Amino acid sequence: MKEQLGAIYKESSEAAQKVEDLKQLEDLRIRILGRKGQLTLLLHGLKTLPSEERRIVGQAANDIKNKLLQVFDDRMQVLKRASWSADSKLRPDATLPGRPVEMGREHILNRTLHEIEGIFKVMGFSVAEGPEVETEYYNFEAMNFPADHPSRDMHDTLFIDDGMLLRTHTSPVQVRYMEKQKPPIRAIMPGKTYRCDDDATHSPMFHQVEGLMVDTNVSFTDLKAVLTFFIHRMFGEDANLRFRPSFFPFTEPSAEIDMTCVNCHGQGCSLCKGTGWMEILGAGMVHPNVLWAGKIDPEQYTGFAFGMGVERITMLKYGIDNMRYFFENDLRFLRQF
Ligand code: DAH
């Protein structure tokens, strides 16, 4: 019986290599493994053998059956592949255009931020960061906001719990930075800031860039020079600056800085409410109390600071009239830049 099994295996696998299509292969399979196939019938014959021998031959027959199944399957793959490449309808068409691969791009806010960083790096500023979850101490106290002072309300603070909040501005990074770095200091500190506010020109999360320069004899003139260089690089040489007296607890004197209206170039339009100017950032000379908080002696050093909104700069630069566009992730908006 063993010889018979060997012969069936040899003949069938040779026959499998000779069949030329799937139909012939299927016929062959039925002839060997079908209900009345050669191997099946032989297996039925096992019953007549003594039990010891039946076990051994049965085992061998099963092995052969499995090997044949594999042989038929391999041959089927070969035949299928051959029929695909013969049939042009099934063959992959190498002349078809490929599926387009969409390229991602930098979000316009990041692009503006990197542009701002690049301009200040030219002037020797380094870039530093601070935490978004901040203590009341750094956000207000260290920035010279008196306790219970109404200017804290102005910030629409999102409190977390005891003494913790989402920073309302990047200014607290000034003190964190001064605690670690001694003058001369020249740094910008970009990052996310949070306020409970939401309309066309306010978002609960927005971005600011803080600037700080501390050294011996830093003056308002230096502030003006640095900001003028920045605005010219960012908006072009014909952008003019104007300093208006203002108030911030952390600077003295303080100024709000306006730039020639990007829309009407100073003629006066609805965007600038007829003034020809647009507010672009806040700045001033660092208040002595803030230097103290940063463990820097105001008798020895002076400094200036400024803060700007990245969304606002981007809106002015590209003529975007609603802040929500930045965060809605509408590809039609994002792809424009
Ligand atoms: N922290 C201010 C705000 O969020 C912006 C600012 C104004 C920052 C004047 C400064 C500054 O460093 O000197 O409105």
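Everything numeric here is computed off the predicted structure, so don't read it as measured data. In listed order, ligands and their atoms are each counted from 1.
Seen from the ring of Phe206, Lys192 does not count as a face-on cation partner, given the 6.0 Å and 45° thresholds.
Ring centroids of Phe243 and Phe220 are separated by less than 6.0 Å, placing the two rings close together. Aromatic rings from His169 and Tyr194 are positioned such that their centres are separated by 6.0 Å or more.
Residues passing the salt bridge (Lys or Arg N to Asp or Glu O under 4.0 Å) test with Glu134, sequence neighbours excluded: Arg176.
No donor-acceptor distance shorter than 3.5 angstrom exists from the side chain of Lys295 to the backbone of Leu291, with no hydrogens or angles considered.
The aromatic rings of Phe326 and His107 sit tilted relative to each other, their planes meeting at an angle between 30° and 60°.
The contact shell of ligand 1, taken as protein residues with any non-hydrogen atom closer than 4.0 angstrom, comprises His169, Ser171, Gln174, Arg195, Gln208, Glu210, Phe248, Phe250, Thr251, Gly282, Ala283, Gly284, Ala305, Phe306, Gly307.
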